[in-house]
Every structure is written in C-alpha cells, then in structure tokens.
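Down below is the structure, laid out as structure tokens.
The basis for the numbers below is simple: all heavy atoms, side chains too, and nothing from hydrogens, waters or symmetry mates. Proteins come first, then strands; the chains are lettered A, B, ... in the order of their sequence lines, and each starts at number 1. What you see is a predicted model; the values in this text were computed from it and never measured.
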There are 4 protein chains.
Amino acid sequence: MTDDTAVEKKSIRADALRNEDALLEAAKEIFATSGVDAPVREIAARAGVGVGTLYRRFPKRSDLVVGVYKREVDACVKAAADFTGQYGPGDALTHWLKRYCQFIVTKKGLAAALYSGDPAFDALPAYFRANFEPTLQSLLQSAARAGEIRGDIDAFDLLRAIGNLASVGGTEGAEHTHRMLELMIDGLRFGAAKP
Amino acid sequence: MTDDTAVEKKSIRADALRNEDALLEAAKEIFATSGVDAPVREIAARAGVGVGTLYRRFPKRSDLVVGVYKREVDACVKAAADFTGQYGPGDALTHWLKRYCQFIVTKKGLAAALYSGDPAFDALPAYFRANFEPTLQSLLQSAARAGEIRGDIDAFDLLRAIGNLASVGGTEGAEHTHRMLELMIDGLRFGAAKP
Amino acid sequence: MTDDTAVEKKSIRADALRNEDALLEAAKEIFATSGVDAPVREIAARAGVGVGTLYRRFPKRSDLVVGVYKREVDACVKAAADFTGQYGPGDALTHWLKRYCQFIVTKKGLAAALYSGDPAFDALPAYFRANFEPTLQSLLQSAARAGEIRGDIDAFDLLRAIGNLASVGGTEGAEHTHRMLELMIDGLRFGAAKP
Amino acid sequence: MTDDTAVEKKSIRADALRNEDALLEAAKEIFATSGVDAPVREIAARAGVGVGTLYRRFPKRSDLVVGVYKREVDACVKAAADFTGQYGPGDALTHWLKRYCQFIVTKKGLAAALYSGDPAFDALPAYFRANFEPTLQSLLQSAARAGEIRGDIDAFDLLRAIGNLASVGGTEGAEHTHRMLELMIDGLRFGAAKP
DNA sequence: AATGAATGAGTATTCATTCAT
DNA sequence: GATGAATGAATACTCATTCAT
C-alpha cells in the first residue's frame, strides 16, 4: 500500500521508530518488573539496543516514563475502536472498562514517578483526561442510545471511580477490583431505557 | 529494688531502646519524605546516630521497614485505648477510624517494599490482622452495646473497606477519603439499636 | 582531456575542499573555545557536516590539530605578502610581527596536544621553521636594506623570542605582550643604518 | 613529644590527614603526567585509597586542583625557611628563586583548569600573592642588608617576571629558563651595596 | 560521498556495607 | 557499643567511532 519511494526515503526513520517503540515496550515491562528506578541498561538490553540509543531518544528518565504512560493511554484508547467494531454497544463498553482497569494497573506502577513532583509529568493528567473522557463518553452514549444503560452517567466521574477502585493493590486486589467493576457495570445497566 | 548492676545494664538498654526508637521515627519520616529507597545515611543522620548503629539494630533495610510498620500498627492500636478512656463508645470508634486512616497512609508509603515479594514481609499481614481486628472488634462491640451503631458489622471487612478507600492517593485523595469515611460511619449508625 | 566527467569530478573535489576548510575553521574556533578535547560532534556541527564526513578527512584527532596548526601557519605566512604589498618595508615588518603574535596565541591553545608526546606532531616544529624563518628573514632584509632596522638580527632567534613573550597567558598577558613587542621593535630600529 | 591522649583522640584524624596528603601528592603527580582531566580513579589508585575516599574529601575536581595548588605554594614557602637556615642571605635567595621556578612549572600544569573561569579558583591568585610576596620580600631584604644585592627590587614585580620567564614551555624551555634566571640574579647583584 | 543513528567503552558518582578506632 | 572513614560495586551518562542507508 505504501509506495517504494516513500519506504526508501523513510527507511532510517522507520528503523528509528521501531527502536523507539521497542524501547517503550521494554521500559513498560521493566518498569512493571523492577520498578521505575530500574537500571537504564536493562531497558536498553531488553529492547535490543545500546544505552546510547536509549539516551538519544529519551535523555531523561522522565521522558521514558512519559513515553510509556502516553503509549499506554493511546493503546487503551485505540482498543475502544476495536471493541466498537467487534461488539454491540453494551459489550463494547464492558470490554473497554475492563481494558481500562488494566491501564490503571500500569499507572500504578508509574505512580511513584508521577507523584514525585517532577514538572516533567505536569502535562500527563491533562493527557489522560483529553484522551479518555471523549472515548468513554462516546461508548456511554452509544450504549445509552441502544437502551442498554442509563444515560445520566458522567464519563469523567466514572473514570475516576473505576480508577480508584482498580488502584487497590495486593494479590487479591485484582479479584476485588473485578467484582467491584462487575457491580458497577450492573449499576450502569440499572435504570436503562431498555429493561 | 533493682541492684546497681541491673540499673547499669538497664540504663544501657534504655539507651539502646532510645536509639532504636529514634531510628524508627527517623525512618518513618524519611520513608515518607524520600521513599523507601532513601539513603541509609539520611536515616542515621536524622536519628542522630552513626550508620554503624543503624546496621547493628537493622541489618537489612527490610528490618527497618518491618520495624516502622509494626511500630505504626502498635501506635495505632494503642490509640484505641486512649480514645476509649476519653470518649464515649461511639465517638471513640469514630476517632479511631480516622486514626486508622492515617495509618493506612503510612502503609501506602511502604507499599512498594511490602509488595516487592521479599519474604521478610510475609508476616506483616498476619500482624496487621492480629492487632487490628480485636481492636476494632472491641470498639464496635462497645458502640453497638451502647446502641450507637448496628451490631452486624464484621471488623475485618470494615478494616479492608476503609483500607481500600484510604488507599486512593493524590492531593485530593485525602478529602475524598474523609468524605467517604464520614459516609461509611453514617452507614454504621444507620440501623443502630438506639434511633 | 577534460570531458564532462572530469568537470563533474572536479566539482566534487571542490566541495570536498570546501568541507575540509569548513572543518578546519570550525576546529580552530572550537579548539579555542572549548579546548583541544572538545567533542568531535561540536566541530562537525559547526562546520555544518556530519561526523562521518569529519572522520573521512581527519581520521584521528591529531590530524585535525595538525591541520589547524598548518592552516594557521600558512595563513600567517600569506599575510606577509599582503603586508609587503601594502606597506613599506618597516611597517610591513611591524604589522607582520603583530600578526605573528596572534598566531602564537593559537599555538598556545594547541599546546596541550602539541606537547603530549604524540608522534603525530613531530613534524610540526620543522614546518614552523621552514615556513616562518624565510618569511621573517625576507621581511628583515627588506627593512634592513631600506635602512629602517639593523641588519644583524637572526630571524629564528627573533621568532623564538617573540614566541616566548607572547606565550605569557592570563587576561593582562595580551597587554603585556603588546608592550614587550613594541619594545622589541624599537630595539630592532635601534642602530639602524638610517638614523 | 605528643602525649598519648592526644594521639589517641586524633588517631582517626591522623589517618584522614595521611589520606588527604596522599591524595594531594597523587593528584599532583597524576596531573603532571596525564593532565588535569586525568581519571579520578587513577588518582585514588595511586594514593592507595578507594574513589569513595577521594570523593569524601574532594567532592569536586576543582577541590583537588585547589588543594594541589595550595599545597605547592605552602611547600615552596616553607622551603624559604629551610634555605634561610642553611645558607647565607644571598645564596638563600638564589636557591629559593630556583625553587620558585619549579613551582611555576606545577602551576603551568594546572593552568588549563585555573584559567577555565571556574569561580572555584577565584581565590588562588590572592593566595599566591599573600604567601609569596612576604616570603620573597623577606629574602630580598636580608640579602640587601647583607649587601649582596641592590635594595630597590619590588618582590611582586620579581615574582611576576620570573613567573613569565619560567612559563615558557617545551623541552628546551627548562634550560632557557635557567639561563634567564641566572641572568636576572646577576641583575639583582648589580649595584649591590657590597661590590 | 555524506549523513547521522547506533554502539558500547570509558568515566564520574553515589551509596550500601564493613571494620578499625 | 558507637562511630564514621574507607571501600568498591552498581549505575548513570558521555562521546569517539563505526556503518547502514
């Protein structure tokens, strides 16, 4: 679909992008495994690049954290479109809320850095809201129009509520979160147009 | 009553205890300020002792974390007796639940270490339950007997619920936690024997 | 013999020369600003070329140092002809000696490298003498013949003497050097044929 | 000569001082051999201590440079007293001026750092003058009173003049410096009270 | 030929831990 | 027992050099 010329001209850039993505993926995994203070070298190694490359693209550790965070937001937002294509409005909403819970777990891993007061992270809350609010708003509207849930739910309120729920840590936290999410979804269904 | 030798020995022990306590207090503060990975030297310095002394009493960092955790549990449990002496059963309960929320915040600071998988922390959940459950049970019973709250509340359930609530972080988290706690206490009052 | 291809080849060579010159100029400036150990990248950047190009022409740092040194010698020698064309023999000499002092300052910047024992620099003293001695010799002779200075001055001696004088560093060094140079030039005039 | 108690109390400090001195001596040598930018590790290794120890006493490289500089000034000043004790006024002066030339060579090695604009070095010129001027003044006066040299020499002028002379680098610089120093000392003798 | 992305060796620096005093 | 000086392993970061495009 892409013509040869374009490919040729952007070949270096394509490599660079591949590296950048590999680094973010590696960072996400390492951050999850060993925390946000994990050795830079480990991340570079897992991404299969030299430390120099890592430093070229992410000069500060916070650049890496921000990168991982935004990438996760983007991935989660993108999932909404996938679900919308695959399922009916109600199920799409349900699936996406579960997916969003997964994102929250990632956020928890980065929390230490996020709340460190480093101004590098100042823009992230806005990024969160700017991306998630419209996404959930849209899912809610579709489901409400389809009569599957009630229509008086504020998207941001719901994002925060579930965010708080899913923030509860610990081994058994996951199950707990799941139960609470189910409950909450039932709550959304309660009072739907279509009984 | 005690002979000189004993006094001497005890006085040394008293010094040691003072050091130990100073170290735990210092560690609590430093952990809160700079996280659980803060330089050992800072803790020793704030406690006014040398690092060698710190290492003598707390050879591993986890010993320090465990020490701080248990100390906070103990302090919180002890507060229950104080409140019981000062207030009526209902108010004692209310005050203590707020005090317990403060403890949860401490726990949050140590969470990174606690959930690190280090077996050194394996015993802490049991310590938590063994100390807090009877404490709250007793407060609940007194308040229920006094007809100030309903009597069908399970202490451990309540500990977990409030624990989760208070775990929500962020600047506005504190207010949120407070509102939710008030609500929950109202819930306890609902259906009390004494209307 | 010069077909299109040749022309093309020459045009490329001209580009190459332009690059080479740009690199030497950049290196001179960077060496002066940040010392001989300045990052290679800075030099390439200031020259407006990639580091690869720099390495193609100057594989070792010493090549760059030698290049800058010789380029400065050449420029200084060339200035003699300009002065000879513009001024009378005495003034030409005076102007050139001042110009030579400027060169010494450059040399001072490179001194760290020059006296590092690297055999790459072994040929430079000879280059210095082979170029400067005849130049000054010629200027001296002209001035002596014109009766403006005495005729018993050895060019190399004078080069060394002024070199030493101008080597004195520091902020006030420049003024000091200038005063001493004036003095020395007066010395040259003393005992001239034409009183 | 020092009583036991004092020794005992200061035993740690004595070790520390030994280390400090070893580090300064090592730094002096390494600076001379490999320049002021030599690896910190080399200096620590030559001093026979760990890098941590070096960093404890000299957190910044400039601290080390300042330390070496002052130590050399002190040693040179101290030599004056030795010479005064050993020789007559004239010879003491001569010996000290040669010793001072050695110091200048050290200074030359540190020059790159000294003139780097780092404010850490701002105090050094004053230290230089405050220590050397009285020292030489005293030597000059003694020699003048003894009638061995003339009495109208300004100490600071002489310090600068010899400093400049001895600053001339290169392999043959040393001989040149020596010849010039001899000449200058002869100059001092010229016009002495005692002919 | 030119470019600059990638690499990783070299260095600085910090901090947990030991141990002589 | 207490102390804090010394140690050096762990880690961050820079920059010379190579090489695919």
[X] [atom1] - [N] [atom2] separation (whole Å):
| X | N | atom1 | atom2 | value |
| --- | --- | --- | --- | --- |
| C/Leu54 | E/dA1 | CG | P | 16 Å |
| B/Ile43 | E/dT17 | CD1 | C1' | 14 Å |
| B/Ile30 | E/dC15 | CD1 | P | 13 Å |
| B/Leu23 | F/dA2 | CG | C1' | 12 Å |
| C/Glu42 | E/dG4 | CD | P | 16 Å |
| A/Glu20 | E/dA5 | CD | C1' | 13 Å |
| B/Leu64 | E/dT17 | CG | P | 12 Å |
| D/Arg57 | F/dG4 | CZ | P | 13 Å |

Less than 4.5 Å apart, any side-chain heavy atom of [X] and any of [Y]?
| X | Y | answer |
| --- | --- | --- |
| C/Leu64 | C/Leu54 | yes |
| D/Tyr69 | D/Leu114 | yes |
| B/Asp63 | B/Lys60 | yes |
| C/Asp21 | C/Arg71 | yes |

Between D/Asp74 and D/Tyr127, does any side-chain donor sit less than 3.5 Å from a side-chain acceptor?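 D/Tyr127 and D/Asp74 do have a side-chain donor-acceptor pair below 3.5 Å.
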Shortest non-hydrogen separation from C/Asp118 to C/Ala120 and the atoms involved: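 Shortest heavy-atom separation between C/Asp118 and C/Ala120 comes out as OD1-N, 2.7 Å.
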Do you know which two heavy atoms are closest between A/Ser62 and A/Phe121, and how far apart they sit?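 Distance-wise, the nearest heavy atoms are CB-CZ, 3.6 Å.
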Any side-chain N or O of [X] below 4.0 angstrom from OP1/OP2 of [N]?
| X | N | answer |
| --- | --- | --- |
| C/Thr53 | E/dT3 | yes |
| D/Asn19 | F/dA6 | yes |
| B/Arg56 | F/dT3 | no |

Starting at the 5' end of DNA chain E, write a dot or bracket for each base, bracketing those in Watson-Crick or G-U wobble pairs whose two distances are under 3.5 Å and using | for partners on another strand. .||||||||||||||||||||
For nucleotides 11-14 of chain E, which of its nitrogen or oxygen atoms have a protein nitrogen or oxygen under 3.5 Å away, and what is each distance?
unit_1 : atom_1 : unit_2  : atom_2 : d
E/dA12 : OP1    : D/Arg61 : NH2    : 2.7
E/dA12 : OP2    : D/Val40 : N      : 3.1
E/dA12 : N7     : D/Arg41 : NH2    : 3.4
E/dA12 : N6     : D/Arg41 : NH2    : 3.2
E/dT13 : OP2    : D/Tyr55 : OH     : 2.8

On DNA chain F, nearest-nucleotide positions of D/Gly48 versus B/Gly50: which is more 5'?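 Checking each residue's closest nucleotide, the 5'-ward one belongs to B/Gly50.
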Please output the side-chain donor-acceptor pairs of residues 30-45 of chain B that fall under 3.5 Å, not counting sequence neighbours, one pair per line with the distance.
unit_1  : atom_1 : unit_2  : atom_2 : d
B/Thr33 : OG1    : B/Glu29 : O      : 2.7

Euclidean distance, B/Leu24 CG relative to B/Lys28 NZ, rounded to 0.5 Å: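 Rounded to the nearest 0.5 Å, the NZ-CG separation comes to 10.5 Å.
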